[in-house]
2 protein chains.
Amino acid sequence: MKITSRFTVAVHTLLVIHTFGKTEKVTSDFIAASVNVNPVVIRRTLSSLKAAGMIDVKAGSGGARIVKDLESITLYDVYKAVDSVDGGLFHFHENPSPACPVGRNIHAVLDGHLADAQAAMENELKKISLASLTRELQANLP
Amino acid sequence: MKITSRFTVAVHTLLVIHTFGKTEKVTSDFIAASVNVNPVVIRRTLSSLKAAGMIDVKAGSGGARIVKDLESITLYDVYKAVDSVDGGLFHFHENPSPACPVGRNIHAVLDGHLADAQAAMENELKKISLASLTRELQANLP
DNA sequence: CATATTGTAATGTTTGACATTACAACAATG
DNA sequence: CATTGTTGTAATGTCAAACATTACAATATG
């Protein structure tokens, strides 16, 4: 009943690549050490971010690199890239009774409102760019 | 990674009580038949809604009754009453490395934005009253 | 009191997320 | 061109949370 940690892991991953990309070879092991998860989890994350055109990953030699302007990547893009929510955010009970007037119409009555609520959340994510996060990160450094 | 179906079950439950309250004794079995879940699930739901002051349930003799103006109950109130989300909506990876400048600051950078997104969703739920849902339900009846 | 129903504890079942192991494909370097 | 370090990904394991179900005591009403 929560949104997957894949999302925060992916944001973390992008921030690590951005922060260390100039001075280090940013491998899945390197990122995994900062996020504190298994490197394979990071490889899967990298794979999603790559498919979304945000980064480039060198198989074999290793290392990830950002290839899209961070100003143009929003939290929503990352959220979508790693598939944070599969289908609707709300879990609807499966089989309302068609024999009951309420059961028969509950979807018609509720679905739209639930979709609106989900959209409101997602629109909020669209407001935040990765670039602004890197600025906030800078501001927090000692 | 989804919000509990307790929420949609609770909304469904209130609509059933409202729709049939005048003509039938609305027991947990009756509601369970419309929602299509085990009656115990409904009893737990009724328990939460009662604790929130929305309904009254008669132990022993049976039957639930709405005791709060539906105009003044929003989807958000129901969502809160049944505890649809425990803690934050987003699942954060547990142990970012304090040794890494990104790991050390990722919470400071992200937490606020995630809270804002969740709040946007919840504010949307606050806009919808149960009374308006009963009107939509009426409109959908044959 | 007999009956129907609620309240709730205890337990079982299932699903999904996340972790981990394993290894083939691959790219750079000496 | 063999070695080394890394990615890509499949297969499998582990665990927690949601939901279902059983069981029964407590309760109200005719």
- Could you note down all residue pairs passing salt bridge (charged side-chain N to carboxylate O under 4.0 Å, His left out) where residues 41-62 of chain A supplies at least one of them, sequence neighbours left out?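 Counting only pairs at least two positions apart or across chains, the salt bridge (charged side-chain N to carboxylate O under 4.0 Å, His left out) contacts touching residues 41-62 of chain A are A:Asp56-A:Arg65.
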
- Quick one: salt bridge (charged side-chain N to carboxylate O under 4.0 Å, His left out) pairs with a partner in residues 109-126 of chain A, sequence neighbours left out?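 The answer is A:Glu124-A:Lys127.
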
- Query: Looking at C:dA4, C:dA19, D:dT22, which one has an atom nearest to any side-chain atom of B:Asn38?
  - Reply: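 Taking heavy atoms from C-beta onward, the closest nucleotide is D:dT22.
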
Nearest whole Å is fine: how far is [N] [atom2] from [X] [atom1]?
X       : N      : atom1 : atom2 : result
B:Phe30 : C:dT6  : CZ    : P     : 12 Å
A:Leu49 : D:dT7  : CG    : C1'   : 15 Å
B:Arg6  : D:dC19 : CZ    : P     : 6 Å
B:Leu46 : D:dT27 : CG    : P     : 18 Å
B:Asp29 : D:dT21 : CG    : P     : 13 Å
B:Asn95 : C:dC18 : CG    : C1'   : 13 Å
B:Ile3  : D:dA18 : CD1   : P     : 12 Å
B:His91 : C:dC18 : NE2   : P     : 5 Å

- Give a yes/no on whether any side-chain N or O of B:Thr27 is located under 4.0 angstrom from OP1 or OP2 of C:dT5.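 For C:dT5, neither OP1 nor OP2 has a side-chain N or O of B:Thr27 closer than 4.0 Å.
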
- Message: Check the phosphate of D:dG8 against A:Lys50, side-chain N and O only, distance under 4.0 Å to OP1 or OP2. Yes or no?
- Response: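 Answer is yes, contact under 4.0 Å.
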
- Task: Any chance you could list the contact pattern along nucleotides 22-30 of chain C? Use B for base contacts, S for sugar-phosphate-only contacts and - for none, protein heavy atoms under 4.0 Å, 5' to 3'.
- Result: B---BSS--

- Item | Test side chain to side chain donor-acceptor pair (under 3.5 Å) applied to B:Asn36 - qualifying residues, sequence neighbours left out |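 For B:Asn36 there are no side chain to side chain donor-acceptor pair (under 3.5 Å) partners, ignoring immediate neighbours.
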
- Item | Selection residues 52-82 of chain A - residue pairs positive for ring-ring contact (aromatic ring centres under 6.0 Å, His included), sequence neighbours left out |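 Pairs touching residues 52-82 of chain A that pass the test: A:Phe7-A:Tyr79, A:Tyr76-A:Tyr79.
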
- Query: Is it true that a side-chain atom of A:Asp77 and a backbone atom of A:Thr74 form a donor plus acceptor pair closer than 3.5 Å?
  - Reply: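 Pair found, side chain donor or acceptor close to backbone of A:Thr74.
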
- Listed partners of B:Glu71 passing salt bridge (Lys or Arg N to Asp or Glu O under 4.0 Å), at least two apart: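 Per chain and number, B:Glu71 pairs via salt bridge (Lys or Arg N to Asp or Glu O under 4.0 Å) with B:Arg135.
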
- Exercise: do A:Thr8 and B:His93 side chains pair donor with acceptor under 3.5 Å: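 Short answer, yes.
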
